[in-house]
Amino acid sequence: MTTETATDVFEEHRPVLVGVAYRMLGRLADAEDVVQEAWLRWSGADRSAVREPRGYLVRTTTRLAIDRLRQIKSRGETYVGPWLPEPYATDFGDAVPDTAERAVLADSVSLAVLVVLESLSPLERAVFVLREAFGYPYAEIAAMLERGEAAVRQLAGRARKHVDERRPRYDVDPAQRRDLTERFLAAATDGDLEGLLAMLAPDVRLVGDSGGRSRAPLRVLHSADKVGRFLLGAARKGIPDPSFRFLELNGGPALLVLSGGKPDSVLQLDVADGRAQSIYIVRNPDKLHHLAGIA
C-alpha cells in the first residue's frame, strides 16, 4: 500500500474515527487529537499485514481514546458549573439512509446520553460506543480491547443498564423538536411567560454550561416556573446584535445564537409529550469557536 493509498484509506474512515473518539471523549478537540495520533500510527505501521483497515483504525482510535479518557480522569480537573459536551455538528445525509440506523446514531451522540456516559468507566464507555452506536459484535469488541468476550458482555450490560436508568426520556422526532424550539424562541424573545410555561414540562430542567467564562446558571435549574423566569430574564438582558440559526447538532435540531455574527450560545431541547423536558445551553466560548465556520 503506497503512502497516497494509505492516506486515501484513512480519509475514507475518518468520519467513523471522529465519531468513535467524540462519543468516547465528548470533546471535539480531544477527539481530533486522538484521530491525528491514529493517523500517525497508521502511517508508520506495516500495512501489508493489515487485512481490515477499518477494524485496525477503529481499534487504534478506541485504545487511544481510552488512554486519553484515563488521563483526563486522573488529572481530576474541576469544572465551574454543570458540564455539557462540546456541540458536535452531525449531518448523516445520504451516508446513513436507513431511518432506524440514523435514530441509533443520533441517540448515541445526543447531549443526554453523552452526559450519562461521563459517569462510566473508560472500558464501559468504549464497549457501549462500539456496541450501541456502531453495532460491532461482542467478539470483535473483545479482540479490539484484548478482553474476553464474556467480560465484554458484562461491561455492555452494566453500561446499558446505567444509561437506561439515568438518561432523560425524550422523543427523537426532529420535526417536533424543531417546531417546539421555534415557538420557544418566539415566546422568549416576546417576553411571553404564559406561552413559555405552556411549552415546559412541570419537572423540566435547564442545564447551562459556561465553564465560568460567561453568564449561565452554576447549578441545574428545576421546575417550569424557575426555568421560565430565568429564560425570560436572560432574554430581557439580551446580547449585542443578536441573530439566530438552526443547525443539526448532536443528532438533532439546535439553535445557534450569534452576537455580531459570532457564536454566543447553543440551545437544544429534549422533548417528550409535546413539551420541553430538558433544556441544554452551552455558553462556554471554548466549546463554540469551531461553529464559527458553519455559522
Side-chain angles (χ1 to χ4, degrees), residues 15-35 61-62 64-66 68-73 75 77-92 104-122 124-126 128-130 132-134 159 162-163 166-168 170 172 174 177 181 205-214 216-220 247-257 263-270 277-294:
V16 171
L17 304 182
V18 173
V20 169
Y22 174 77
R23 286 169 174 82
M24 283 288 297
L25 299 165
R27 304 161 180 85
L28 195 55
D30 285 343
E32 290 172 344
D33 286 347
V34 161
V35 172
T61 299
T62 301
L64 289 169
I66 289 173
R68 178 64 65 94
L69 196 55
R70 285 171 173 162
Q71 291 170 5
I72 293 170
K73 289 181 179 293
R75 290 199 296 262
E77 298 173 353
T78 58
Y79 193 80
V80 179
W83 178 91
L84 288 172
E86 187 175 335
Y88 177 48
T90 51
D91 184 3
F92 303 123
V104 169
L105 283 172
D107 181 62
S108 70
V109 80
S110 69
L111 296 181
V113 168
L114 290 176
V115 168
V116 176
L117 292 188
E118 281 291 298
S119 59
L120 298 180
S121 72
E124 287 172 338
R125 191 162 181 169
F128 181 90
V129 168
L130 293 173
E132 301 295 332
F134 295 95
H162 185 86
V163 172
R166 298 199 178 193
R167 70 172 169 183
Y170 63 92
V172 297
R177 293 175 71 187
T181 305
R205 62 193 193 104
L206 183 147
V207 185
D209 179 336
S210 69
R213 303 280 310 282
S214 57
L218 294 179
R219 293 184 298 275
V220 177
L247 302 173
E248 182 180 301
L249 299 175
N250 294 84
L255 180 68
L256 175 62
V257 181
D264 173 85
S265 53
V266 162
L267 180 144
Q268 191 168 53
L269 307 180
D270 280 346
Q277 302 288 330
S278 297
I279 301 170
Y280 304 101
I281 301 176
V282 181
R283 297 207 70 211
N284 186 338
D286 292 339
K287 297 184 177 184
L288 300 174
H289 62 82
H290 66 286
L291 297 176
I294 59 176

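Numbers here are sequence positions counted from 1. Values in this document were obtained by computation on a predicted structure and should not be read as measured data.
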Rounded to the nearest 0.5 Å, what's the gap from [atom1] on [X] to [atom2] on [Y]? Could you check?
X: Ile281; Y: Leu111; atom1: CD1; atom2: CG; answer: 12.0 Å
X: Leu17; Y: Thr61; atom1: CG; atom2: OG1; answer: 4.0 Å
X: Met24; Y: Ile66; atom1: CE; atom2: CD1; answer: 5.0 Å
X: Glu118; Y: Lys73; atom1: CD; atom2: NZ; answer: 5.5 Å
X: Ser214; Y: Asp209; atom1: OG; atom2: CG; answer: 8.5 Å

| query | For Tyr280, what residues pass the ring-ring contact (aromatic ring centres under 6.0 Å, His included) criterion, not counting sequence neighbours? | reply |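 Not a single residue meets the ring-ring contact (aromatic ring centres under 6.0 Å, His included) criterion with Tyr280.
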| Who passes ring-ring contact (aromatic ring centres under 6.0 Å, His included) against Tyr170, sequence neighbours left out? |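 Residues passing ring-ring contact (aromatic ring centres under 6.0 Å, His included) with Tyr170: none at all.
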Under the side-chain contact (heavy atoms from CB on, under 4.5 Å) test, residues paired with [X] that sit two or more places apart:
X: Pro217; value: Leu206, Leu221, Phe230
X: Ala254; value: Leu249, Val266, Gln268
X: Ala216; value: Ser210
X: His289; value: none

Search all heavy atoms of [X] against all heavy atoms of [Y] and return the closest pair with its distance.
X: Thr90; Y: Asn250; result: OG1-N, 3.5 Å
X: Val282; Y: Leu288; result: O-CD1, 3.7 Å
X: Ser108; Y: Arg23; result: OG-NE, 2.8 Å
X: Lys287; Y: Pro87; result: O-CD, 3.4 Å
X: Leu28; Y: His290; result: CD2-CD2, 3.6 Å
X: Gly211; Y: Asn284; result: CA-ND2, 3.8 Å

| Is it true that Asp270 and Arg167 make a salt bridge, defined as a side-chain N closer than 4.0 Å to a carboxylate O? |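 Salt bridge absent between Asp270 and Arg167.
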| Can you list every side-chain hydrogen bond (donor to acceptor under 3.5 Å, both in side chains) pair that touches residues 24-33, not counting sequence neighbours? |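 Output for this query lists Asp30-Arg68.
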Partners meeting side chain to side chain donor-acceptor pair (under 3.5 Å) with [X] (sequence neighbours left out):
X: Ser278; answer: Arg205
X: Ser119; answer: His162
X: Glu124; answer: Ser121, Arg158
X: Arg70; answer: none

| query | Is there a donor-acceptor contact under 3.5 Å from the side chain of Tyr22 to the main chain of Glu86? | reply |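 Answer holds: yes.
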| message | Using side-chain heavy atoms (C-beta onward) and a distance below 4.5 Å, is Val116 in contact with Phe128? | response |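 No, too far: nothing below the 4.5 Å cut-off.
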| message | Please enumerate all residues that pass salt bridge (Lys or Arg N to Asp or Glu O under 4.0 Å) together with Arg283, with sequence neighbours excluded. | response |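 By the salt bridge (Lys or Arg N to Asp or Glu O under 4.0 Å) rule, Arg283 matches Asp264.
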| query | Between Arg125 and Leu114, is a side chain to side chain contact (heavy atoms under 4.5 Å, CB included) present by the stated rule, with each step listed? | reply | CA-CA 10 Å; Arg125 191 162 181 169; Leu114 290 176; 4.2 Å; yes
